[in-house]
K.L.:
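Attaching a single structure in structure tokens format; questions to follow.
Naming convention: chains lettered A, B, ... in sequence-line order (proteins, then strands); numbering from 1 in each chain.
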Amino acid sequence: MTEHDSDTPTDEAAEYDIARIQERWMARWEQTRPFATDDPSDTRPRKYVLDMFPYPSGDLHMGHAEAYTFGDIIARYWRQQGFNVLHPIGWDSFGLPAENAAIKRGTDPREWTYANIDQQLASMKRLAASFDWDRVLRTSDPEYYTWNQWLFLKLYEKGLAYRKASWVNWCPHDQTVLANEQVVDGRCERCDNLVTKKKLTQWYFKITDYADRLLDDLNQLEGSWPSKVITMQRNWIGRSTGADVDFVIEGRDEPVTVFTTRPDTLFGATFMVVAPDSELAAELAAGSTPEVQQAFAGYLAEVQRSNEIERQDTTREKTGVFLDRFAINPVNGERLPIWAADYVLADYGHGAIMAVPAHDQRDLDFALKFDLPVRVVVDTNAPVTGALPVITEEMLDAGAAEAAELDPVGTGTALSGDGRMINSGPLDGLSKANAITRVIELLEGAGTGRAAKTFRLRDWLISRQRYWGTPIPILHDAEGGEHPVPEDQLPVVLPPTDGLDLQPKGTSPLGAAVDWVSTTLPDGTPVTRDPDTMDTFVDSSWYFLRFLDPNDDTQAFDPAEAEKWAPVDQYVGGVTHAILHLLYARFITKVLFDLGYLTFTEPFTALLNQGMVIMNGSAMSKSRGNLVRLSDQLDEHGSDAVRLTMAFAGPPEDDIDWADVSPTGSAKFLARAWRISGEVTSSPDVEWKTGDVALRRQTHHLLAEAPGLVEAFKFNVVVARLMELVNAIRKTIDTGPGAGDAAVREAIEVVAVLLSLFAPYTAADMWERLGYESEVAFAGLRKPDATLLVEDSVTAIVQVDGKVRDKLEVSPTISADELEALARATAGAVRAVGDREIVNVIVRAPRLVNIATRG
RNA sequence: GCUCCCGUAGCCCAAUUGGCAGAGGCGGGCGACUUAAAAUCGCCGAAGUCUGAGUUCGAAUCUCAGCGGGAGCACCA
């Protein structure tokens with residue numbers, strides 16, 4: 001076989017041979033690189049279509065194929081619509097699996113990682129993913145992670161990267177810390193082991209400074225991001241508004257501030273609760289009696305022994321200890337006993353609360369358990385009016401009477417609803433909303449409180465005690481001083497693994513690389529490098545900018561290029577990243593905006609979450625024995641059939657059960673379409689107008705409909721329309737005007753052009769067989785002929801009382817009166833109406849008449 | 001426990017957004033071609049839209065209640 005053999009056009013009489021077609025075009029595209037995006041003089045409008053880049057763990061699987069198929073359909077569509085489309089790919093190639101594989105095999109993580117990348121890249125090419133192969137990046141390349149370090153230094157300069165000691169999530173299995181986002185149900189997201197707490201000094205990114213903007217800017221994504229993802233982000237950020245209230249503590253100089261969303265119920269506070277694992281609790285206990293100290297110590301030990309799972313169990317009984325200390329309610333001077341209880345969290349709000357058992361279920365549960373007083377201050381039976389009412393004695397008396405029926409203690413249910421304030425001095429008679437406003441005014445006037453908001457979102461912990469990541473570019477001197485590595489000395493390159501023990505042991509393996517760790521400042525001061533590496537989510541928080549020029553060794557990205565291409569017009573990826581990656585990327589984008597590098601504040605204008613590929617109702621896994629290997633599917637059916645099957649299976653957001661779909665059916669359809677392309681006998685310059693009108697109508701309806709369908713991601717419907725059209729062409733050839741008819745050529749050309757989104761190899765081959773040398777990918781969709789979209793006649797349905805009784809063939813421009821007259825006269829209508837009285841006739845010309853009767 | 005999404009032929013899914021329930025595919029059946037099979041081609045069933053109420057001239061589509069499935073949140077003051 002000579003090298004020319006594989007580039008011989010397939011014989012028209014030959015059977016559809018997908019393997020041969022695929023091989024031939026893959027080789028050609030390798031030469032012509034049709035999807036490079038590097039011509040600066042290109043004046044076409046731009047689109048940036050981005051797939052979430054993969055982690056290189058083994059070869060691509062069915063899920064990858066699905067995601068990349070959808071992203072590719074969109075990229076090819078916009079290209080076809082005349083856009084200059086940037087559609088890059090890279091690898092998120094730092095991270096634990098590579099390190100674990102290296103430990104297991106006693107090799108370097110680089111070997112495993114880069115071998116997997118090569119394998120995945122080959123599979124992507126086989127899938128005909130139309131990536132710009134000149135822009136490939138790998139986050140584990142020093143050429144990439146040097147800019148992670150640059151980014152870190154920018155955040156450090158802005159005070160957005162800082163080090164602090166605190167209780168962190170610790171995975172005992174992976175021997176590393178985890179961000180809050182990586183703890184799911186108290187377990188390590190990666191290895192599913194129970195997470196414990198450990199006190200460590202670690203680096204954080206101050207994402208909480210951006211909490212308001214991260215929340216508020218979600219509004220501009222409404223409609224172009226899945227609402228599910230927006231909701232998850234909102235929940236995660238978790239903004240609560242209310243007030244901070246200062247309580248004087250007996251025997252303590254400083255007041256204690258608590259956060260509450262219900263400052264209106266301040267008069268109903270009957271005790272205070274502090275988190276047992278807070279410094280405040282320890283201090284308050286230490287200043288109390290020996291008995292209290294002992295009880296507290298016992299309680300604290302008990303609390304710390306329980307794991308996250310137990311702690312989060314909402315059905316569990318309240319526990320706590322009385323500290324024998326008292327706080328003074330700033331609005332009424334009441335003495336409130338202070339308790340330590342683990343239903344109050346140390347790291348939310350101020351780690352202390354005012355307890356209002358009448359109106360908060362958790363406080364009520366606690367009060368009932370420990371027999372603490374309960375005072376109702378909101379009459380939840382009273383009607384609520386918006387305006388500030390004028391209060392009369394009678395109203396207050398009446399309110400007190402109504403309130404007597406309110407019995408949270410008896411019912412065990414807190415009164416959380418709105419109502420009218422009672423037992424609350426100056427707030428009496430007000431609605432909840434008005435009371436909140438008023439009490440904040442009062443507190444602010446007295447200097448004992450203020451409006452406040454709190455977030456569930458915590459700062460982003462980025463230190464990892466592992467080898468295979470970006471070194472943190474900070475030097476530490478003996479006095480504990482921090483010295484950022486100067487920009488011109490970047491990158492801080494990972495040392496070789498030679499002689500390093502990568503085995504997890506709680507401290508970074510880099511600490512053992514003595515020659516690497518020890519260095520000096522320009523003035524000769526000995527310093528040590530920070531031995532930790534960055535969370536890999538740092539890598540992916542800005543990679544979409546690096547694609548603008550992944551080979552630029554002078555800057556992370558060119559702001560001018562960012563202005564041209566970014567933000568990403570369409571992002572495609574799994575919902576698994578709904579919180580973590582997307583939140584971090586949004587944060588870093590805002591930081592870069594504030595630093596003046598970007599002119600936009602949201603990185604991803606539109607987001608498509610594809611579903612999963614499952615098998616027989618459940619996620620594929622080796623242990624379940626239902627694993628379907630992508631490479632097997634590609635071998636068996638060819639890339640085009642696999643891609644088409646993904647597109648046709650249903651809406652892209654839905655899961656695809658591979659047991660429910662038919663790649664052989666897809667292949668059959670492709671063969672049908674391909675065969676027709678060889679039967680056409682007319683030439684490319686045939687006069688379209690001479691073609692069969694019925695087939696032309698169908699073709700042009702599809703031309704009119706397809707763009708809207710693709711843009712709404714209704715790929716399955718487009719494929720169905722293509723099948724219909726192919727069926728119609730078949731019929732036209734076999735039992736109609738025949739293969740020489742102009743409409744046949746026109747229709748199959750449209751099929752080829754649209755099919756190029758889903759089945760690029762087959763479509764390219766069809767296009768060639770139809771006599772074209774150009775790439776079908778750039779052929780573009782013709783404009784539909786408006787005259788072919790207007791029907792000569794339409795079927796009007798005639799209903800009587802909503803039931804179809806007759807049909808009429810009428811002109812599409814028929815008047816309502818005329819249609820009504822025709823409809824009333826139809827045999828079906830006359831029969832159905834009989835001698836009943838016609839009470840109403842609804843006419844929706846030209847499609848429908850409904851005659852409503854009575855009698 | 002709270003919130004959101006979804007229930008349409010045996011199966012996967014459409015339905016111009018309130019106007020004839022069916023486009024497409026899978027599977028199944030029948031037939032043509034074949035010595036036969038595969039492939040190919042042609043033809044054909046099948047549901048009244050999870051259940052119940054309501055709004056409407058008209059409901060798969062809107063409202064309420066329930067059943068079933070999925071997702072998110074859940075001691076966050």
Side-chain angles (χ1 to χ4, degrees), chain A residues 15-16 185 226-229 231-236 238-240 242-243 245 258-263 265 273 275 311-316 318 341-345 347-356 359-363 365-366 454-458 575 578-579 611 617 644-645 648-651 653-666 668-669 671-672 675 705 708-709 714 716-727 730-731 734-735 795-807 838-844 847-854:
Chain A
E15 273 307 299
Y16 176 71
D185 292 335
S227 51
K228 181 168 69 163
V229 174
T231 303
M232 285 165 75
Q233 294 238 336
R234 287 204 177 111
N235 285 341
W236 188 262
R239 181 164 62 196
S240 299
V245 184
V258 305
F259 173 74
T260 176
T261 55
R262 294 294 305 275
T265 62
V273 186
R311 202 194 61 73
Q312 286 182 3
D313 178 7
T314 50
T315 60
R316 150 181 163 260
K318 293 278 180 289
D342 68 354
Y343 79 93
V344 172
L345 309 176
D347 56 357
Y348 184 79
H350 304 286
I353 63 154
M354 64 177 212
V356 185
H359 304 287
D360 182 289
Q361 191 61 48
R362 295 153 301 177
D363 296 343
D365 293 343
F366 192 82
T454 303
F455 296 90
R456 209 187 82 119
L457 180 71
R458 309 294 152 80
V575 73
I579 299 174
L644 191 74
T645 302
F648 185 54
E653 308 82 28
D654 290 3
D655 289 350
I656 298 173
D657 195 325
W658 204 249
D660 290 337
V661 296
S662 171
T664 51
S666 301
K668 204 164 95 181
F669 164 71
R672 267 165 77 81
R675 225 175 288 122
E705 194 184 17
L709 288 172
K714 295 187 170 187
N716 54 329
V717 181
V718 179
V719 175
R721 295 280 179 273
L722 287 172
M723 290 172 168
E724 275 177 84
L725 188 53
V726 165
N727 289 344
R730 186 77 261 156
K731 205 163 271 177
D734 291 349
T735 59
T795 306
I797 58 169
V798 181
Q799 298 180 333
V800 176
D801 295 323
K803 291 196 178 64
V804 180
R805 296 301 186 189
D806 217 320
K807 292 181 183 184
I838 294 174
V839 293
N840 195 7
V841 180
I842 287 92
V843 183
R844 293 282 179 274
R847 299 239 172 242
L848 177 134
V849 176
N850 187 13
I851 300 166
T853 66
R854 180 169 55 205

K.L.:
Quick one: the side chain of K807(A) and the base of C20(B), do they pair up donor-acceptor inside 3.5 Å?
P.N.:
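Answer yes: a donor N or O sits under 3.5 Å from an acceptor.
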
K.L.:
Kindly say if N716(A) contacts the phosphate of G25(B), meaning a side-chain N or O under 4.0 Å from OP1 or OP2.
P.N.:
no

K.L.:
For A355(A) and V273(A), which heavy atoms make the closest approach, and how far apart are they?
P.N.:
CB-CG2, 4.3 Å

K.L.:
Just to be sure I understand the rule, does T231(A) reach a base, reach only the sugar-phosphate, or reach nothing, if contact means heavy atoms closer than 4.0 Å?
P.N.:
nothing

K.L.:
Using a 90° cut-off around 0 for syn, call G68(B) syn or anti.
P.N.:
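Chi for G68(B) falls in the anti range.
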
K.L.:
Backbone N or O of V356(A) within a donor-acceptor pair of the D363(A) side chain at under 3.5 Å?
P.N.:
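Judged by distance alone, yes, a pair lies under 3.5 Å.
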
K.L.:
Decide, for G45(B), between syn and anti: a glycosidic angle within 90° of 0 counts as syn, anything else as anti.
P.N.:
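Glycosidic conformation of G45(B): syn.
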
K.L.:
Considering just the side-chain nitrogens and oxygens of S240(A), establish if one lies under 4.0 Å of OP1 or OP2 belonging to A77(B).
P.N.:
yes

K.L.:
More 5' along RNA chain B: F455(A) or R730(A), using each one's nearest nucleotide?
P.N.:
R730(A)

K.L.:
Over all strands shown, is V719(A) touching base, sugar-phosphate only, or nothing at heavy-atom distances under 4.0 angstrom?
P.N.:
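The residue V719(A) makes no contact with any strand.
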
K.L.:
Specify the glycosidic conformation (syn or anti) of U17(B), with syn defined as within 90° of 0.
P.N.:
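With its glycosidic angle within 90° of zero, U17(B) counts as syn.
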
K.L.:
How is R456(A) classified with respect to the nucleic acid when contacts are heavy atoms under 4.0 Å: base, sugar-phosphate, or nothing?
P.N.:
base

K.L.:
Mind checking who C4(B) pairs with, Watson-Crick or G-U wobble, both distances under 3.5 Å?
P.N.:
G70(B)

K.L.:
Taking the six-membered ring for Trp, are Y348(A) and F259(A) parallel (under 30°), tilted (30 to 60°) or perpendicular (over 60°)?
P.N.:
perpendicular

K.L.:
Calculate the interatomic distance between L709(A) atom CG and A15(B) atom C1'; express it in whole Å.
P.N.:
12 Å

K.L.:
Report yes or no: is there a donor-acceptor pair, N or O only, under 3.5 Å between the side chain of D660(A) and the base of C12(B)?
P.N.:
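Per atom types, no contact qualifies.
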
K.L.:
Within the 4.0 Å heavy-atom criterion, would you say K668(A) contacts the bases, only the backbone, or no part of the nucleic acid?
P.N.:
sugar-phosphate

K.L.:
Within the structure, does a side-chain N or O atom of N727(A) lie under 4.0 Å from either OP1 or OP2 of G25(B)?
P.N.:
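Checking G25(B) against N727(A), a side-chain N or O does come within under 4.0 Å of OP1 or OP2.
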
K.L.:
Between G10(B) and U63(B), how many Å separate the two P atoms, rounded to a whole number?
P.N.:
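Per the computed distance, 28 Å lies between those P atoms.
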
K.L.:
Is a donor on one side and an acceptor on the other found under 3.5 Å between the side chain of N850(A) and the backbone of G802(A)?
P.N.:
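Judged by distance alone, yes, a pair lies under 3.5 Å.
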
K.L.:
Using the side-chain heavy atoms of I842(A), tell me which of these nucleotides is nearest: G19(B), C20(B), C13(B).
P.N.:
G19(B)

K.L.:
G19(B) P sits how many Å from D801(A) CG, rounded?
P.N.:
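To the nearest whole Å, that distance equals 19 Å.
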
K.L.:
Only pairs with both distances under 3.5 Å count, Watson-Crick or wobble alike; so what is the partner of C64(B) in this structure?
P.N.:
G52(B)

K.L.:
Using a heavy-atom cut-off of 4.0 Å across all strands, would you classify D360(A) as base, sugar-phosphate, or nothing?
P.N.:
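Answer is nothing: D360(A) stays at 4.0 Å or more from every strand.
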
K.L.:
Specify the separation, in whole Å, of atom CZ of F366(A) and atom C1' of C75(B).
P.N.:
12 Å

K.L.:
May I have the step-by-step check of side-chain contact (heavy atoms from CB on, under 4.5 Å) for Q799(A) and V849(A), ending in yes or no?
P.N.:
CA-CA 6 Å; Q799(A) 298 180 333; V849(A) 176; over 6 Å; no

K.L.:
Can you identify which nucleotide, out of C20(B), A77(B), C26(B), has its nearest atom closest to the I353(A) side chain?
P.N.:
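Ranking C20(B), A77(B), C26(B) by closest atom to the I353(A) side chain puts A77(B) first.
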
K.L.:
If you look at every strand shown and take non-hydrogen atoms under 4.0 Å, does R721(A) touch a base, only sugar-phosphate, or nothing?
P.N.:
base

K.L.:
Salt bridge or not between D360(A) and R262(A)? Use side-chain N to carboxylate O under 4.0 Å.
P.N.:
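The answer is no: the pair does not qualify as a salt bridge.
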
K.L.:
Classify T795(A) by what it touches in the nucleic acid, base, sugar-phosphate, or nothing, heavy-atom distance under 4.0 Å.
P.N.:
base

K.L.:
Taking only side-chain N and O atoms of R672(A), does any of them lie within less than 4.0 angstrom of OP1 or OP2 on G42(B)?
P.N.:
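Result: yes.
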
K.L.:
Is the phosphate of C41(B) approached by R675(A) (side-chain N or O, under 4.0 Å from OP1 or OP2)?
P.N.:
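Indeed, a polar side-chain atom of R675(A) lies that close.
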
K.L.:
Kindly point out which of A23(B), G25(B), C41(B) is positioned nearest to the side chain of E724(A)?
P.N.:
A23(B)

K.L.:
Could you tell me how far apart K731(A) (NZ) and G42(B) (P) are, to the nearest whole angstrom?
P.N.:
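So the two atoms are 7 Å apart, to the nearest Å.
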
K.L.:
Which base, if any, makes a Watson-Crick or G-U wobble pair with U16(B), both distances under 3.5 Å?
P.N.:
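For U16(B), the partner nucleotide comes out as none, under the 3.5 Å rule.
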
K.L.:
Across all strands shown, which nucleotide pairs with U40(B) by Watson-Crick or G-U wobble geometry, both distances under 3.5 Å?
P.N.:
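Per the H-bond distance test, A32(B).
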
K.L.:
Check the phosphate of C6(B) against K228(A), side-chain N and O only, distance under 4.0 Å to OP1 or OP2. Yes or no?
P.N.:
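It does not, given that no N or O in the side chain of K228(A) lies less than 4.0 Å from OP1 or OP2 of C6(B).
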
